[in-house]
Amino acid sequence: MKQLKRIKGTQDILPDASVKWNALEGTIRQVMQCYNFSELRTPVFEQTELFSRGIGQLTDIVSKEMYTFEDRSRKRLTLKPEMTAPIMRAYQENKLYANAQLTKVFYIAPLFRQERPQAGRLRQFHQFGAETLGSADPGADAEIIDTALSVYRKTGITGLKLKINSVGDPLCRIPYKKQLQEHIRPNLEHYCEDCQRRFDENPMRILDCKKETCVALNQKAPKLLDNLCPDCETHYHALKSQLKTLHIEFEEDPYLVRGLDYYTRTVFEITSDALGAQNAICGGGRYDLLAEELGGLPAPAVGFASGIERLIMVAEAQGVELAPLKRLDVFLIGMDTEAKPLILRLLKDIRKAGFSADQDYLGRSMKAQMREANRQNTRFVVIIGTDEIKKNSVSLKLMDKGEQISIPFDNLVAEIKKHYS
RNA sequence: GUGGGUGUAGCUCAGCUUGGUUAGAGCGCCUGGUUGUGGCCCAGGAGGUCGUGGGUUCAAGUCCCAUCACUCACCCCA
């Protein structure tokens with residue numbers, strides 16, 4: 001019979017890896033708590049309309065990457081491809097703004113996009129992120145960036161680059177787009193195919209093209225940063241000054257454009273050159289218009305999203321251990337049938353005391369069991385054989401020191417506590 | 001959707017150019033060297049439809065075609 005396989009672009013997180021995932025999720029929760037973000041969990045699927053309306057019809061995500069299907073009642077559902085829209089939906093639906101003027105939430109969640117997989121890009125992948133809803137203050141933007149960077153610092157990864165930009169708001173962006181199109185139009189035929197396609201859909205993306213000819217043509221193009229309206233200008237400057245106060249290094253990239261429609265004003269990206277072509281480990285920005293787009297009350301908001309798989313890739317490339325080496329506290333060996341019930345009792349007692357403990361279930365020789373204990377990086381081995389039974393004692397081997405001591409049967413747990421380090 | 005690369009032991013890979021004994025290595029695993037004692041060392045052992053299907057040939061892991069899978073990159077994104 002044919003062996004069943006996991007579907008393309010998905011991953012089994014095996015025991016060796018899941019230890020790292022758990023440790024990483026732990027540091028994420030810890031940092032989020034310090035910054036006073038609370039967890040918000042949303043369903044894995046939503047009405048398709050949430051994303052088509054929230055993210056934008058013309059974006060790649062909505063136009064060609066969503067896992068969309070009909071349920072039995074012919075409702076159009078979509079496996080969530082990103083978290084911002086669901087968070088905003090939940091914020092409005094549950095009227096979180098009624099409890100507090102300001103809502104700060106974080107999430108750790110699986111997301112789904114049907115793309116061609118490559119290094120750092122899976123069809124089911126995971127992001128953590130934070131969103132501050134209800135504030136238009138540039139301080140919220142700075143805090144969001146600081147939060148992401150704090151998580152990275154805590155994990156131990158280094159060498160990350162922060163790029164920031166402002167994409168303005170409709171007030172400055174709409175006239176700017178026209179100005180940009182006018183500038184490009186005379187030379188449009190010299191631009192690459194992709195850029196020609198972008199001309200009507202999303203002219204600002206043309207500035208982000210990496211093709212040499214396009215980069216050259218873009219040299220003299222007007223920059224949105226030079227054409228911000230006074231309010232956006234003020235916001236952007238306040239953000240930069242707060243980042244400086246926080247001693248956060250950043251690079252201004254006037255061509256940084258994010259692919260999602262809902263961004264206004266602040267956008268940013270954090271990259272690592274330890275990654276391959278997909279070098280962004282974090283992306284985010286402000287989305288003051290999304291709330292209304294989804295049919296709710298106006299609510300300015302800012303957030304970031306960070307790829308967990310990519311973070312782990314960076315850690316691996318840099319030799320950063322996300323989790324300490326796994327150790328088993330106690331391995332118990334019963335030498336004959338008389339010892340078995342005693343071992344079983346001790347195993348239970350040791351576990352009850354909070355230590356990790358295990359025994360052999362394969363009927364292996366003592367030598368093989370010792371090897372097994374060693375393989376599992378065990379701290380203590382407890383041995384009971386006829387000698388021990390006669391003396392109503394157990395042998396406790398301290399594996400790191402190689403020493404072995406004989407102790408009374410009932411003192412075992414206390415003795416383990418004493419030698420545990 | 002487009003282009004490149006790779007499929008040989010549980011894992012990482014050699015062998016393919018120049019077809020020809022029983023297809024190899026390292027790591028891992030198992031057994032023994034110790035009547036009940038791990039790591040290091042030594043000795044031995046198990047484990048392979050050479051991705052799949054077809055073709056060429058006296059002979060195919062090796063050459064040709066097809067197909068599938070994986071992978072990297074483009075587009076775009078975390």
Side-chain angles (χ1 to χ4, degrees), chain A residues 2-3 5-11 14 16 55-56 58-66 81-84 107-129 148 192-195 197-198 201-202 205 208-211 256-260 268-272 275-285 303-314 328 331 333-336 339 362 364-389 395-404:
Chain A
K2 205 177 88 187
Q3 175 78 44
K5 300 182 66 183
R6 66 172 183 267
I7 61 177
K8 188 200 280 288
T10 64
Q11 227 181 358
L14 302 176
D16 281 353
I55 305 173
L58 292 177
T59 60
D60 282 14
I61 292 180
V62 172
S63 65
K64 55 185 199 196
E65 294 171 2
M66 294 204 301
E82 59 102 52
M83 273 303 279
T84 304
Y107 58 85
I108 302 174
L111 301 173
F112 306 84
R113 291 182 201 172
Q114 191 165 183
E115 304 177 82
R116 224 21 183 256
Q118 76 187 68
R121 180 202 283 162
L122 293 161
R123 289 184 169 183
Q124 177 178 344
F125 61 104
H126 299 77
Q127 288 184 347
F128 70 93
C192 71
E193 258 179 64
D194 288 328
C195 284
R197 180 174 49 78
R198 288 168 182 142
E201 292 175 5
N202 192 352
R205 263 229 165 270
D208 201 25
C209 187
K210 285 127 205 154
K211 294 220 172 62
L256 176 65
V257 181
R258 317 231 73 251
L260 288 63
F268 62 91
E269 195 170 272
I270 299 171
T271 57
S272 164
L275 293 170
Q278 313 303 321
N279 65 353
I281 191 177
C282 178
F304 79 84
S306 180
I308 293 182
E309 283 85 354
R310 290 187 188 177
L311 199 168
I312 290 172
M313 283 172 75
V314 173
L328 178 68
F331 193 86
I333 302 177
M335 291 303 298
D336 49 61
L362 297 175
R364 288 183 280 194
S365 69
M366 176 172 191
K367 190 188 180 75
Q369 291 189 51
M370 285 300 292
R371 257 204 296 273
E372 178 61 21
N374 188 63
R375 201 180 62 76
Q376 298 210 37
N377 205 4
T378 306
R379 289 189 162 87
F380 306 105
V381 169
V382 171
I383 302 162
I384 301 185
T386 41
D387 294 355
E388 285 81 0
I389 291 174
S395 293
L396 181 68
K397 180 148 189 179
L398 316 176
M399 295 296 274
D400 290 343
K401 291 185 191 165
E403 288 169 15
Q404 186 165 317

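In what follows, chains carry the letters A, B, and so on, assigned in the order in which the sequence lines appear, proteins first and then strands, with residues in each chain numbered from 1. Both backbone and side-chain heavy atoms feed into the values below; hydrogens, waters and symmetry mates do not.
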Original post:
Do A:Q369 and A:F331 come within less than 4.5 Å of each other through their side chains, counting heavy atoms only?
Top reply: yes
Original post:
So how far is it from A:M83 CE to A:I108 CD1, rounded to the nearest 0.5 Å?
Top reply: 10.5 Å
Original post:
When we call it a touch if two heavy atoms are under 4.0 Å apart, what does A:A119 touch: a base, just sugar-phosphate, or nothing?
Top reply: sugar-phosphate
Subject >> Nearest-angstrom distance, P atom, B:G26 to B:C68 >> reply: 38 Å
Subject >> Spacing of the C1' atoms in B:C27 and B:C70 (rounded, Å) >> reply: 23 Å
Subject >> Heavy-atom closest contact (A:I384 atom, A:A339 atom, distance) >> reply: O-CB, 3.5 Å
Subject >> Rounded P spacing from B:G51 to B:A78 in Å >> reply: 39 Å
Subject >> d(CZ, A:R121; P, B:A73) in whole Å >> reply: 9 Å
**OP:** Provide, to the nearest angstrom, the distance between the CD1 atom belonging to A:I312 and the C1' atom belonging to B:A78.
**Re:** 13 Å
**OP:** Indicate for each nucleotide in nucleotides 31-39 of chain B, in 5' to 3' sequence, whether protein heavy atoms under 4.0 Å reach the base (B), only the sugar-phosphate (S), or nothing (-).
**Re:** S----BBBB
Original post:
Can you find a heavy atom in the side chain of A:I308 that is under 4.5 Å from one in the side chain of A:F125?
Top reply: no
Original post:
At under 4.0 Å between heavy atoms, what does A:L362 touch on the DNA or RNA strands: base, sugar-phosphate, or nothing?
Top reply: nothing
**OP:** Please state whether the phosphate of B:C74, meaning OP1 or OP2, lies under 4.0 angstrom from any side-chain nitrogen or oxygen of A:Q278.
**Re:** yes
**OP:** Using the C1' atom as the reference point in each nucleotide, state the distance between B:C63 and B:C40 in Å, no decimals.
**Re:** 48 Å
**OP:** Take atom NZ of A:K5 and atom P of B:U52, then tell me their distance rounded to the nearest Å.
**Re:** 13 Å
Original post:
Distance between the P atoms of B:G36 and B:C13, in whole angstroms?
Top reply: 43 Å
Original post:
For A:R121, which residues count as a side chain to side chain donor-acceptor pair (under 3.5 Å) partner, sequence neighbours excluded?
Top reply: A:E115, A:Q118
**OP:** Calculate, to the nearest 0.5 Å, the distance between atoms CD1 and CD1 belonging to A:I55 and A:I61 respectively.
**Re:** 5.0 Å
**OP:** Find the distance A:R310:CZ to B:C72:P and express it as a whole number of Å.
**Re:** 12 Å
Subject >> Test ring pair (Phe, Tyr, Trp, His ring centres under 6.0 Å) applied to A:F304 - qualifying residues, sequence neighbours left out >> reply: A:F128
Original post:
Is there a side chain to side chain contact (heavy atoms under 4.5 Å, CB included) between A:I281 and A:T271 once you walk through the steps?
Top reply: CA-CA 5 Å; A:I281 191 177; A:T271 57; over 6 Å; no
**OP:** Would you give the length of the straight line joining atom CG of A:L328 to atom CG of A:N377, rounded to the nearest 0.5 angstrom?
**Re:** 9.0 Å
Original post:
Rounded to the nearest 0.5 Å, what separation is found between the CD1 atom of A:I270 and the CZ atom of A:R310?
Top reply: 13.0 Å
**OP:** Please name all residues satisfying side chain to side chain donor-acceptor pair (under 3.5 Å) with A:R371, sequence neighbours left out, ordered by chain then number.
**Re:** none
Original post:
Using a cut-off of 4.0 Å on non-hydrogen atoms, how would the nucleic acid contact of A:Q369 be classed: base, sugar-phosphate, or nothing?
Top reply: nothing
**OP:** Please determine, by modelled atom types, if A:S395 and A:E388 share a side-chain donor-acceptor pair under 3.5 angstrom.
**Re:** yes
Subject >> Pairwise P distance, B:U71 and B:G54 [rounded to whole Å] >> reply: 27 Å
**OP:** Test for a donor-acceptor pair under 3.5 Å between the base of B:A78 and the side chain of A:R113, counting only N and O atoms.
**Re:** yes
Original post:
For A:E269 and A:R116, take the nucleotide of RNA chain B holding the closest heavy atom to each; which residue's nucleotide lies nearer the 5' end?
Top reply: A:R116
**OP:** At under 4.0 Å between heavy atoms, which parts of nucleotides 46-51 of chain B does protein reach? Answer with one letter per nucleotide, 5' to 3': B base, S sugar-phosphate only, - none.
**Re:** ------
Original post:
So what does A:G120 touch, heavy atoms closer than 4.0 Å: a base, only the sugar-phosphate, or nothing?
Top reply: base
Original post:
If a stem is a run of at least 3 consecutive Watson-Crick or G-U pairs, both distances under 3.5 Å, which stems include RNA chain B?
Top reply: B:1-7 with B:68-74, B:10-13 with B:24-27, B:29-33 with B:41-45, B:51-55 with B:63-67
**OP:** Taking atom C1' in both B:G48 and B:G10, compute the distance separating them and give it to the nearest angstrom.
**Re:** 12 Å
Original post:
Quick one: OG1 on A:T59 to CD on A:E82, what's the gap to the nearest 0.5 Å?
Top reply: 9.0 Å
Original post:
Does A:Q118 place a side-chain N or O at less than 4.0 Å from the phosphate oxygens OP1/OP2 of B:C74?
Top reply: yes
Original post:
Between A:D60 (CG) and B:U2 (P), how many Å, whole number?
Top reply: 17 Å
Original post:
Separation of A:Q11 atom CD from B:A69 atom P, in whole Å?
Top reply: 19 Å
Subject >> Residue met sooner reading RNA chain B from 5', once A:I7 and A:C282 are mapped to nucleotides >> reply: A:I7
Original post:
What interatomic distance, in whole Å, is found between C1' of B:U18 and the corresponding atom of B:U2?
Top reply: 36 Å
